[in-house]
Amino acid sequence: MPELPDVEVFREYLDRTALHQAVESVGVSVPEILADISPEELQSQTNGHQFVSTGRHGKYLFARLSDDDWLVFHFGMTGYFSYFKDSKKAPKHTRVLFGFDNDYQLAFILQRKLGKIFVARDIDDFIKQQGLGPDALDENFNAEDFKKTLKETTSSLKSALMDQARIAGIGNIYSDEILFQARLNPKARANQMGNQELDRLFRAMRDVLKTAIDSEADPRRMPKTYLLPHREKDGKCPVCHGKINTTKVSGRSAYFCPKCQS
DNA sequence: ACATTGACCTGAGAGC
DNA sequence: TGCTCTCAGGTCAATG
């Protein structure tokens with residue numbers, strides 16, 4: 001799930017649920033997912049404080065605590081949040097559980113333990129440390145910057161889009177959708193694209209990510225012309241109704257329409 | 001500088 | 001029903 005649109009939806013969820021509630025307990029059932037602190041440190045860091053604001057860069061979600069540090073969530077391949085009344089049982093695979101003084105709890109859920117929680121003093125420093133490029137939806141990251149970034153690599157378009165050091169936020173699913181909307185082949189070399197193609201790709205990137213957020217990252221709510229709901233074995237192209245192909249691009253499976261994305 | 005592979009983890013679904 | 005195999009929206013390190 002958790003690429004840029006998913007994480008943005010989680011951020012909005014956090015904003016309308018756990019924000020401004022005082023934390024009174026923090027349960028850590030899997031300490032390995034804490035990147036740079038112990039469970040005890042996490043507890044002393046958060047207990048008695050509130051989450052006061054949120055932010056996001058690429059696939060990372062930031063939640064500022066009222067003591068001015070930030071908790072940083074990365075959702076791996078399977079992560080999500082659930083906010084629920086504490087009389088209910090925590091969902092399966094809850095790895096960290098925040099309890100609030102309003103009798104609600106926030107679960108950080110990871111089926112596979114590939115997610116992480118970090119603590120950061122400063123977001124910009126954190127982004128630098130992680131080596132992240134500009135957020136794909138950053139207004140300051142314009143078409144010219146995008147073209148420059150893509151022209152400086154010989155890798156495939158799909159790998160370039162997914163490279164968090166170049167552009168932060170795009171993963172396997174949305175790179176396929178963006179390339180489909182731009183009608184470009186995932187294996188095409190980035191530095192061999194012309195300005196027209198790259199402009200088209202840039203527009204598709206922004207459109208797809210924004211549309212996905214508006215659809216709450218739910219494929220069922222996305223436009224009929226989107227590839228995402230057909231991203232499966234024997235899927236049919238929503239535009240030409242031909243068969244969807246799969247191939248491997250830097251180790252990940254890519255779905256594309258060989259006719260529309262020649 | 002790039003692609004590829006395996007590791008990290010757990011579970012769902014396919015095929016037998 | 002149960003076993004085995006493959007695959008999964010992410011990232012990192014090692015290797016060619």
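We name chains A, B, ... by the order of the sequence lines, and we start the count at 1 in each one.
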Requested in this report: Show your reasoning for whether ring-ring contact (aromatic ring centres under 6.0 Å, His included) applies to A:Phe51 and A:Phe98.
Outcome: CA-CA 11 Å; A:Phe51 295 116; A:Phe98 300 92; 5.7 Å; yes

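From A:Leu161, atom CG reaches atom CD1 of A:Ile170 across 5.0 Å, with rounding to the nearest 0.5 Å.
For the segment residues 242-255 of chain A, residues with any heavy atom less than 4.0 angstrom from an atom of DNA chain C are, sorted by number, A:Arg252, A:Ser253. Listed by residue number, A:His74, A:Gly76, A:Met77 are the residues of residues 72-80 of chain A with a heavy-atom contact under 4.0 Å to DNA chain C. Residues from residues 166-184 of chain A that place a heavy atom under 4.0 Å from any atom of DNA chain C, listed by number: A:Gly171, A:Asn172, A:Ile173.
Within the hydrophobic cluster formed by Ile, Leu, Val, Met, Phe, Trp and Tyr side chains joined at under 4.5 Å, directly or through other members, A:Val52 stands alone, with no partner residue. Other members of the cluster containing A:Leu227 are A:Phe180, A:Val239, A:Ile244, A:Tyr255, with ILVMFWY side chains joined at under 4.5 Å, either directly or via other members.
OP1 and OP2 of C:dG10 both lie 4.0 Å or more from every side-chain N or O belonging to A:Lys116.
A donor-acceptor contact closer than 3.5 angstrom is absent between the side chains of A:Asp101 and A:Gln21. Side chains of A:Asn185 and A:Lys158: a donor-acceptor N/O pair is absent below 3.5 angstrom, by distance only.
Stem regions for DNA chain B, each three or more consecutive Watson-Crick or G-U pairs with both distances under 3.5 Å and listed by first number, read B:2-8 with C:10-16, B:10-16 with C:2-8.
Looking at heavy atoms from C-beta onward, A:Leu42 lies in side-chain contact with A:Val28 at the 4.5 angstrom threshold.
Of the P atoms belonging to B:dC9 and C:dC3, the separation is 25 Å, rounded to the nearest Å.
The ring pair (Phe, Tyr, Trp, His ring centres under 6.0 Å) check on A:Tyr226 picks up nothing, with sequence neighbours excluded. Under the ring pair (Phe, Tyr, Trp, His ring centres under 6.0 Å) criterion, A:Tyr60 pairs with A:His74, A:Phe126, sequence neighbours left out.
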Each nucleotide N or O in nucleotides 13-16 of chain B that has a protein N or O under 3.5 Å away: list the pair and distance.
none

N/O-N/O pairs, protein side and nucleotides 7-11 of chain B side, under 3.5 Å:
from: B:dC9; atom 1: O2; to: A:Arg112; atom 2: NE; distance (Å): 2.7
from: B:dC9; atom 1: N3; to: A:Arg112; atom 2: NE; distance (Å): 3.4
from: B:dC9; atom 1: N3; to: A:Arg112; atom 2: NH2; distance (Å): 3.2
from: B:dT10; atom 1: OP1; to: A:Lys113; atom 2: NZ; distance (Å): 3.0
from: B:dT10; atom 1: O2; to: A:Gln111; atom 2: OE1; distance (Å): 3.2
from: B:dG11; atom 1: OP1; to: A:His93; atom 2: NE2; distance (Å): 2.9
from: B:dG11; atom 1: O4'; to: A:Gln111; atom 2: OE1; distance (Å): 3.3

Are there any protein N/O atoms within less than 3.5 Å of an N/O atom in nucleotides 14-16 of chain C, and if so, which ones and at what distance?
none

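Mapping A:Gln130 and A:Pro219 onto DNA chain C by nearest heavy atom places A:Pro219 closer to the 5' end of the strand.
A salt bridge between A:Asp69 and A:Arg64 is absent, with no side-chain N of the basic residue lying under 4.0 Å from a carboxylate O of the acidic one. For the pair A:Glu216 and A:Arg221, the salt-bridge criterion is met [side-chain N within less than 4.0 Å of a carboxylate O]. A salt bridge links A:Asp15 with A:Arg11: the distance from a Lys NZ or Arg NE/NH1/NH2 to an Asp or Glu carboxylate oxygen falls below 4.0 Å. A salt bridge is defined here as a Lys NZ or Arg NE, NH1 or NH2 lying under 4.0 Å from an Asp or Glu carboxylate O, and A:Glu12 with A:Arg56 fails to meet this definition.
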For residues 80-88 of chain A, run the donor-acceptor check on the side chains, cut-off 3.5 Å, and write out each pair with its distance to 0.1 Å, sequence neighbours left out.
from: A:Tyr83; atom 1: OH; to: A:Asn102; atom 2: ND2; distance (Å): 3.0

